[in-house]
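To keep things clear, I will list the structure first and then write my remarks on it.
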Amino acid sequence: MCARNRSNPASKFESVVDQGQGQGSTLIKVLVQSKPISKAHETFQKLVAKIGVKRDQLKEWQDYQPRFNQRLAGELVPLQTELRRGQRQMVELIDRLLSDSAPVRRLKRVQREKLEQMLRQLLDSLFEGDNNNEGDKALVDLYDKYNEISHAENRQLDIEMAEAMLSDVFGVDVGPDHGATSADELLENAQDLIRERAAQRHAQEAQAWQNARTSNRSKAGAAKIEAARIRREQASQEIGQSLRDVYRKLVSALHPDREPDAQERARKTTLMQRVNQAYANKELLTLLGLQIEIEQIDADHLSTVPPARLAHYIEILREQLAGLERELAHFADTFGYLSPRGSALTPAKVDRELSIDLANLKVRIRVLQGDLVAFRDPAALRAILKEYRLEDPDEDMDDVFELMNTFVEPVGRRRGARRR
């Protein structure tokens, strides 16, 4: 170990945190100064490098989260509101075209069918895009007016179909008291239930396998199992002690109460805050990096660490790496629906996909605004209806596949759905 008296507050090593490339970057630079002297040292170095990469990725996501939220509130929500407002105006306009006596005499049967189909699709879009419309009596009345079954009956059928799919395909019986008021809500709730039951099943299988192994063992085998358990507990205690030893050395060097110089005391206070946070989070890599930063250790430090202590370091880093991967998995779950299939998820790609969605929304709004003008012109309306193709009723089966896709894509995200 290389311990020095610190006369200059500025370390010759760059700050572990301040580089902005991840908190392990300085430690990685120090490690690569020499080749690993053993397999354990090589494993340690690889773990350090992986943690550095994962930290960089996590920081990217954490830095991007405010921008994403800002774009949602400042760009996406206003466009969605504008689109729904235009769709509402179009619904009312088409209803007037179908209801007023003069236009009716000029519209042929096929033209009326096309307008009614447009109206039904717009109503579907309004109800799917905004749950608040469920309590809009005017919209519900229009839905009931132009559909063979009422809005309430249709929602109940969707829920029953979702219940049947969950039971037949996934083997999940949600029961009559699930409390969901829509198929989407039911499927979203069922996702958590499916994951929970899968975890319980895996735990039961693991326990059954362990019980089978234990039942086939002799008393001597049971003694070995108990001895292994004791060794694991002892190893866990030793690993914790290794982390505490690093922490205590840092505290000894940085405790601000022992520093008479006011400027240096303030610097050490800041460093101690980082030390305490790293220790609380069991971040060995950050603690070692801080030791490097204050020149408490150097590149040769690992070569002097006893093998048992190095093994403890490796276990701590593995646990830390697993924690980082879990945090990254959370972002993958949150933003995965915005990344192209088969594509590595990054904030830049999510942001590009969000920009594409925003551009598509703007196009839909422009088209809708043009239609609101054109539909008031009898000649333009007839030209539009001439080009419009009535959809086959069998295409409604697409809705079934959309429900199935909610287990692949987050609920509420229906890419490619028909919209006007």
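It should be emphasised that the depicted structure is a prediction, and the values quoted were computed from it without experimental measurement.
- For Thr43 (side chain) and Lys39 (main-chain N/O), a donor-acceptor pair under 3.5 Å exists by modelled atom type.
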(request) Test Gln320 against Arg55 for side-chain contact (heavy atoms from CB on, under 4.5 Å), laying out the working first. (result) CA-CA 10 Å; Gln320 190 175 344; Arg55 277 177 163 173; 2.8 Å; yes
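- Ring pair Tyr64/Trp61 is perpendicular by interplanar angle, where above 60° counts as perpendicular and below 30° as parallel.
- Residues Arg71 and Leu76 fail the side-chain proximity criterion, which asks for heavy atoms closer than 4.5 Å.
- Side-chain atoms of Leu361 and Asp357, non-hydrogen and from C-beta on, never get closer than 4.5 Å to each other.
- Between the side chain of Asp95 and the backbone N or O of Val91 there is no donor-acceptor pair closer than 3.5 Å.
- Note: Tyr143 and Phe127 have perpendicular aromatic rings, judged against thresholds of 30 and 60 degrees for the angle between ring planes.
- Inter-residue side-chain proximity for Met118 and Leu385 is flagged as met; some heavy-atom pair is nearer than 4.5 Å.
- Each of Leu372, Leu115, Leu98, Asp371 was checked for a side chain to side chain contact (heavy atoms under 4.5 Å, CB included) with Leu93, and the lone residue meeting it is Leu372.
- Remark: side-chain polar atoms of Asn147 are not paired, donor with acceptor, to backbone N or O of Ile149 under 3.5 angstrom.
- Atom CD of Gln277 has 12 or fewer heavy atoms from other residues, nucleotides or ligands within 6.0 Å.
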(message) Quick one, Asp245 with Lys249, criterion salt bridge (charged side-chain N to carboxylate O under 4.0 Å, His left out). Give me CA distance, side-chain angles, the key distance, then yes/no.
(response) CA-CA 6 Å; Asp245 288 346; Lys249 288 173 183 176; over 6 Å; no
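- Note that the CG atom of Leu122 and the CZ atom of Arg88 stand 12.0 Å from one another [nearest 0.5 Å].
- For the pair Glu42 and Gln45, the minimum side-chain heavy-atom distance is 4.5 Å or more.
- Evaluated for a side chain to side chain contact (heavy atoms under 4.5 Å, CB included) with Arg67, the options Leu354, Leu72, Asp351, Val350 yield exactly one hit, Asp351.
- Taking 4.5 Å as the limit, every side-chain heavy atom of Gln117 sits out of range of all side-chain heavy atoms of Glu113.
- The closest donor-acceptor contact from the side chain of Lys54 to the backbone of Leu321 lies at 3.5 Å or more, if one exists at all.
- The only option from Arg364, Lys362, Gln369 that meets the side chain to side chain donor-acceptor pair (under 3.5 Å) definition with Glu82 turns out to be Gln369.
- Two residues are said to be in side-chain contact when any heavy atoms from C-beta on lie closer than 4.5 Å; Arg96 and Arg376 meet this criterion.
- A donor-acceptor pair under 3.5 Å links the side-chain atoms of Thr269 to the main chain of Arg265, judged by distance alone.
- Formation of a donor-acceptor pair under 3.5 Å by the Lys114 side chain with backbone atoms of Tyr388 is found in this model.
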(message) Before you tell me yes or no, could you show the steps for Phe335 and Lys349 under side-chain contact (heavy atoms from CB on, under 4.5 Å), namely the whole-Å CA-CA distance, both residues' side-chain angles and the distance that decides it to 0.1 Å?
(response) CA-CA 10 Å; Phe335 296 102; Lys349 288 181 179 178; over 6 Å; no
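- Asp144 is linked by a salt bridge (charged side-chain N to carboxylate O under 4.0 Å, His left out) to nothing, counting only residues two or more places apart in sequence or in another chain.
- Counting heavy atoms from C-beta on, the side chains of Glu319 and Ile316 never come closer than 4.5 Å.
- Using a 4.5 Å heavy-atom threshold, the side chains of Asp136 and Leu126 count as separate.
- With salt bridges taken as basic N to acidic carboxylate O contacts below 4.0 Å, one links Lys59 and Asp63.
- For Lys46, the NZ atom is loosely surrounded, since the number of other residues' heavy atoms within 6.0 Å does not exceed 12.
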(message) Using side-chain contact (heavy atoms from CB on, under 4.5 Å), reason through Gln87 and Met90 one step at a time and then give a plain yes or no.
(response) CA-CA 5 Å; Gln87 289 173 329; Met90 180 60 78; 5.6 Å; no
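- Summarising the geometry of Ile314 relative to Ala40, their closest heavy-atom pair is CD1-O, 3.5 Å, with the distance given to 0.1 Å.
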